[in-house]
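Here is how names work: the chains are called A, B, and so on, in the same order as the sequence lines, proteins then strands, and each is numbered from 1.
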Amino acid sequence: MPELPEVETMRRGIEPIVGRRVLQLRRPRTRLRSIAISPRLSDFRRRVEGARIAATARVGKRVVVELRPGPNRPGEAARGGNGRGVDRIVFEPRMTGLVLLANPPDDEHVRLVFELSGRSRRKLLFWDRRGLGVVRLLSPRRFDEECGPARIGPDALEIPAAVLCQRLAGNRRAVKVALLDQRAVAGIGNLYASEILHRVGIHPETRCCELRPGDWPKLHAAMREVLLEALRHQGSTLRDGTYRTAGNRPGGYQFCHRVYQRAGQPCLQCERESIVRIVQAQRSTFFCPRCQRR
DNA sequence: CATATGTCCTGAGAGC
DNA sequence: TGCTCTCAGGACATAT
C-alpha cells in the first residue's frame, strides 16, 4: 500500500525522465482486467505522444508527471512553459501499483508502458498486481478538480502543527480513522497511521475531539518523524513483497516497524505487553495497550 | 453537513 | 496435493 514515503521514493526514482520525450504509449494485452485510465487510450496517446516531460511531483499518494507540449501540438506551445497550462500524468498506485523505471517484478502485471526518448531507450512503467490503481492524463482544470485542495488536503510533510490541529480537533471519529482522511491531511495510510500513534503514545480509538490541545504538537512531531524515517529507508516492503522502488528494489523500513503486522509480538517500547490487532473502519490497526492508553 | 459502510481487484495463505 | 475460502486496504460511491 504505497503511502507518502513509498510514493515519494518512487517519484525520486523516476526523476531521470525529466527532459525526455514520450515517444509511444502502450497498453500490453494480458489475461487480466485492464486498469482504469482516462481519457481512453486513443485520446491519451494523442495527447501524450511527442510531449516532453517537464517535471515530476507528488500530491499525497499520487505521482505526478508534468508535460510540455510536443512538436505534434504546435498550437499548444503558446500556453505551455509556466507549469500551469500543461497536461499532467497522474499515477495513483492505490494498493499494489508501482511506477517503475526498471524491469518490473513480472511482465503479466505491466499495465502501461511509456517509451521514452534518449539513447538508453528507457521505459516508464505502471505495474499493478491487483489492478485497483488508476492512471489519468489531466488538463489543468481537471487536475485542479482531481488533485486540488478540495480533494486532497495539505501534505503530511508540509502541514504546520496548528493547521493539523485545526483540521482534525473537532472531529468525532477515532484518531486512527481520521488520519486516513486524505482531505484532512494527505499521505498517511493504514500502515503509518498505526506507527505514528504508537510513537506518540495515543490509543488509536481515541476520538480526535477527546485529545487535549497539547497532544496535537506531539502527534504532529511523531507524524513527521515516522514519515521522514520511512522515507530515509525508501519505504516499507511488506511480507507480500509488492512494494518496490522505481528501480525495482525493496524498501527497508519494514525492519523498523514497531506495531504494524506485529500482533502477538512484544512491544519494543515497553518490552512487557504484546502488540494487539483490532479492526477500525474495516482496516487493521495495531497498537500496544500499555504504551497507548485511552 | 459529518460519519459509516460497501465496492472494486488479484494472489497469498489457511484450512480441510 | 489441490481445492475453497478469507483477507489485504486506497479511494470513491452510496447510505445513514
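The phosphate of B/dC9 (OP1 or OP2) has no side-chain N or O of A/His109 nearer than 4.0 angstrom. Contact annotation: A/Gln182 does not reach the phosphate of C/dG10 (side-chain N/O to OP1 or OP2, under 4.0 Å).
Computed from coordinates, the A/Met95 CE to C/dA11 P distance equals 10 Å when rounded to whole Å. Between the CD atom of A/Glu205 and the C1' atom of B/dT3 there is a distance of 16 Å, rounded to whole Å. To the nearest angstrom, P of C/dG10 lies 13 Å from CG of A/Leu4. Note: CD (A/Gln282) to P (C/dT6) measures 16 Å, nearest angstrom. At whole-Å resolution of the value, CE in A/Met10 and P in C/dG10 are 13 Å apart. Atom C1' of nucleotide C/dG9 and atom CD of A/Gln280 are separated by 14 Å, given to the nearest angstrom. Atom C1' of nucleotide C/dC12 and atom CZ of A/Arg94 are separated by 7 Å, given to the nearest angstrom. Here C/dA8 presents its C1' atom at 19 Å from OH of A/Tyr243, a figure rounded to the nearest Å.
Within 4.0 Å of A/Asn190, counting heavy atoms only, lie sugar-phosphate atoms of the nucleic acid but no base atom. The residue A/Arg62 sits close only to the backbone: its heavy atoms come under 4.0 Å of sugar-phosphate atoms, none of a base. Across all strands, A/Ser284 comes closer than 4.0 Å only to sugar-phosphate atoms, never to a base (heavy-atom distances). Residue A/Tyr260 is classed as a sugar-phosphate contact, given heavy-atom separations below 4.0 Å to backbone atoms only. Contact annotation for A/Met1: backbone-only contact, meaning every heavy-atom pair under 4.0 Å involves sugar-phosphate atoms and none involves a base. Counting any heavy atom pair closer than 4.0 Å across all strands shown, A/Arg129 reaches sugar-phosphate atoms only and no base atom. Across all strands shown, A/Arg111 has no heavy atoms under 4.0 Å from either base or sugar-phosphate atoms. At the heavy-atom level, A/Arg33 lies under 4.0 Å from the strands shown only through sugar-phosphate atoms.
When hydrophobic clusters are built by joining Ile, Leu, Val, Met, Phe, Trp and Tyr residues whose side-chain heavy atoms come closer than 4.5 Å, directly or via intermediates, A/Leu124 is not grouped with A/Leu138.
Judged by closest nucleotide on DNA chain B, A/Gly131 is the one of A/Arg239 and A/Gly131 placed further toward the 5' end.
Taking the ring axis of A/Phe126 as reference, the NZ or CZ atom of A/Arg111 does not stay both within 45° of it and closer than 6.0 Å to the ring centre.
A donor-acceptor contact under 3.5 Å links the side chain of A/Arg283 to the base of C/dG10.
If you check residues 143-179 of chain A against DNA chain C, the residues with a heavy atom closer than 4.0 Å are A/Arg151, listed by number.
Residues A/Phe91 and A/Phe114 place their aromatic rings such that the two centres sit under 6.0 Å apart.
Counting only distance, with no hydrogens or angles, the side chain of A/Arg249 and the backbone of A/Gly247 share no donor-acceptor pair below 3.5 Å.
Heavy atoms of other residues, nucleotides or ligands lying less than 6.0 angstrom from CZ of A/Arg272 number 12 at most.
The side chain of A/Arg130 lies closest to B/dT10 when the candidates are C/dC12, B/dG11, B/dT10. The side chain of A/Leu132 lies closest to C/dG9 when the candidates are C/dG10, C/dG9, C/dC12. Between C/dG10, B/dT10, C/dA8, one nucleotide has an atom nearer to the side chain of A/Leu32 than all others, and that is B/dT10.
Each end of the helix from B/dA2-C/dT16 to B/dC16-C/dG2 gets its own axis, taken as the rotation carrying the C1' atoms of four end pairs onto the next four within a five-pair window, and the two axes meet at 50° to the nearest 10 degrees.
Side-chain atoms of A/Ser236 and A/His257 include a donor-acceptor pair closer than 3.5 Å. There is a side-chain donor-acceptor pair under 3.5 Å between A/Glu6 and A/Tyr192. Using modelled atom types, one finds a donor on one side chain and an acceptor on the other under 3.5 Å when comparing A/Arg20 with A/Ser120. Judged purely by distance below 3.5 Å, without hydrogens or angles, the side chains of A/Gln234 and A/Thr245 never pair a donor atom with an acceptor atom. Remark: the A/Arg136 side chain and the A/Ser38 side chain contain no N/O donor-acceptor pair separated by less than 3.5 Å.
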Could you walk me through whether A/Arg58 and A/Asp155 pass the salt bridge (Lys or Arg N to Asp or Glu O under 4.0 Å) check?
CA-CA 9 Å; A/Arg58 178 180 57 78; A/Asp155 193 80; 2.6 Å; yes
